[in-house]
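Data block below; observations after.
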Amino acid sequence: MKVGFIGLGNMGKPMALNLLAAGHQVKGFDTAAINAEGIPIATSATDAASEIDILITMLPNGTILQAVAEMVLPVMPKDAVLLDCSTVDVDSARLVASISEANNIIPLDAPVSGGVGGAMAGTLTFMVGGPKIGFEKATPLFKIMGQKAVLCGPSGNGQAAKICNNMILGATMIVTCEAFAMADKLGLERQSMFDVVSTSSGYSWSMNAYCPAPGIGPSAPSDNNYTPGFDSELMVKDLRLSQHAAEMIDADTPMGKLALELYEQFVFEENGKGRDFSAMLPRFEKRSRS
Ligand code: NAD
């Protein structure tokens, strides 16, 4: 397929490289000066979007996505797919979908889970909103860039799935970390705690697959001095998106709200920026109730 790829950052570049390696014709574009590592670079966003079957965007936020979409949609071939893999607010995703349809372009919002490691390994999970025909057209690319793609319903539902998932993740990681710090004070060995919880009703992805305690469970950022992995700042972004959506639709999300407050405090007041989101554990180790 002929693929345009706008946004060749930490995630976009390895995704584009995997498509290129699989034999697709890729034209990339980024406003920053990047080392493209062999990805053919277009002269502009509109150049990247012309004469393609699918345009993929992997951008920082909804405002930038909207600006890029408004620029490129008029030059995209009729019935091409605009596949946005960025994490953005549900409203931006739905707005971009409606402008796309007005330009006879098939919109898909398809945020990902799996981080930079998943992007490099081609093992991302795509949560997709939009028309089934677009999903079918994009499926060969999902199979190269990821291990799973789930069609979650109409436009915006991919972003809805992503923010619900990450709200669960943020809250679960916090409670896993506070439980480890409490276990320390109770004199319970971390390995014993892991052995019990990972096979009991308190288990979760945060405990079993991404254990915040160094040296326990499978290899994770905690074993590498909490080098991200998934940066705490990105968790703040996703929790903010979840709380923005909750306000828009009047959903009661007390755990999500508190998770956001704690991650904001960690990132902006406690040097959590640039640390993995599981570094909540050393944070709790240092604290008392007061
Ligand atoms: P990044 O900042 O590394 O990459 C974004 C790229 O977009 C940058 O290279 C930037 O120069 C480029 N860009 C910005 N404005 C542009 C424009 N107008 N035209 C063209 N290029 C432009 O970010 P990332 O880590 O690659 O994340 C991208 C998206 O994926 C974000 O929405 C993020 O929330 C999401 N995400 C990231 C991760 C992760 O672990 N990094 C995991 C899941 C989802």
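For ligands, and for the atoms within them, numbers begin at 1 and follow the listed sequence. Quick note: residue numbers are just sequence positions, from 1. Everything numeric in this text was worked out from a predicted model, so none of it was measured.
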message: Test your reading of the structure: does Asp238 have an N or O sitting under 3.5 Å from an N or O of ligand 1?
response: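 Such a contact does not occur with ligand 1.
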
Practice prompt. Look only at interatomic distance and state if Asn61 has a nitrogen or oxygen under 3.5 Å from any nitrogen or oxygen of ligand 1.
Written response: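 Min N/O separation from ligand 1 is not below 3.5 Å for Asn61.
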
Is Leu59 touching ligand 1 with its side chain, its backbone, both, or neither, if touching means heavy atoms under 4.0 Å apart?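 Under 4.0 Å from ligand 1, Leu59 contributes backbone and side-chain atoms.
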
Checklist line | Side chain, backbone, both or neither: the part of Lys162 lying under 4.0 Å from ligand 1 by heavy atom | finding: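 The answer is the side chain.
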
Identity and distance of the protein heavy atom lying nearest [atom]:
atom: atom 5 (C) of ligand 1; answer: Met58 O, 3.9 Å
atom: atom 10 (C) of ligand 1; answer: Asp30 OD1, 3.4 Å
atom: atom 33 (C) of ligand 1; answer: Lys237 NZ, 3.7 Å
atom: atom 35 (C) of ligand 1; answer: Thr87 OG1, 3.6 Å
atom: atom 4 (O) of ligand 1; answer: Gly9 CA, 3.3 Å
atom: atom 18 (N) of ligand 1; answer: Val68 CG2, 3.6 Å
atom: atom 13 (N) of ligand 1; answer: Thr31 OG1, 3.6 Å
atom: atom 24 (P) of ligand 1; answer: Met11 CG, 3.8 Å

Between Asp30 and Gly9 the two heavy atoms that sit nearest each other are OD2-N, 3.9 Å

field: Pair Asp84, Thr57: side-chain N/O donor-acceptor within cut-off below 3.5 Å
entry: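 Looking only at side-chain atoms, Thr57 and Asp84 do form a donor-acceptor pair, the distance falling under 3.5 Å.
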
Please tabulate, for the side chains in residues 279-290, all donor-acceptor contacts under 3.5 angstrom to protein atoms that are two or more places apart in sequence or on a different chain.
unit_1: Arg283; atom_1: NE; unit_2: Glu270; atom_2: OE1; d: 2.6
unit_1: Glu285; atom_1: OE2; unit_2: Arg190; atom_2: NH2; d: 2.7

For [X], does the [atom1] atom sit with more than 12 other heavy atoms under 6.0 Å from it, leaving out its own atoms?
X: Gln265; atom1: CD; result: yes
X: Lys2; atom1: NZ; result: no
X: Met120; atom1: CE; result: no

Between Glu233 and Lys237, does any side-chain N to carboxylate O distance fall below 4.0 Å?
no

ask   = Are any of the side-chain nitrogens in Lys27 or Asp47 under 4.0 Å away from the carboxylate oxygens of its partner?
value =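 Counted as a salt bridge, because a side-chain N and a carboxylate O are separated by less than 4.0 Å.
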
Give the numbers and elements of all ligand 1 atoms closer than 4.0 Å to a heavy atom of [X].
X: Ala32; value: 11 (O)
X: Gly115; value: 40 (O), 42 (C)
X: Gly7; value: 7 (O)
X: Ser86; value: 32 (O)

Taking only non-hydrogen atoms of Lys13, do any sit less than 4.0 angstrom from ligand 1?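 In this structure, Lys13 fails to qualify as a contact of ligand 1 - no heavy atom is under 4.0 Å.
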
Q. Does some non-hydrogen atom of Pro60 fall short of 4.0 Å from ligand 1?
A. yes

Heavy-atom proximity to atom 43 (C) of ligand 1 ranks first, among Val112, Asn166, Val72, Leu234, for Val112

* Between the side chain of Glu189 and the main-chain N/O of Phe194, is any donor-acceptor distance below 3.5 Å? -> no

| query | Would you say the ring centroid of Phe135 lies under 6.0 angstrom from that of Phe142? | reply | yes

_Tell me every residue that passes side-chain contact (heavy atoms from CB on, under 4.5 Å) with Met193, counting only those two or more places apart in sequence or in another chain._
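Only Ala179, Phe180, Ala183, Leu188, Val197, Met207 meet the side-chain contact (heavy atoms from CB on, under 4.5 Å) criterion with Met193.
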
Practice problem: For the residue pair Tyr210 and Asp276, establish whether any side-chain heavy-atom pair is separated by less than 4.5 Å. | Solution: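 Counting from C-beta outward, Tyr210 and Asp276 do come under 4.5 Å.
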
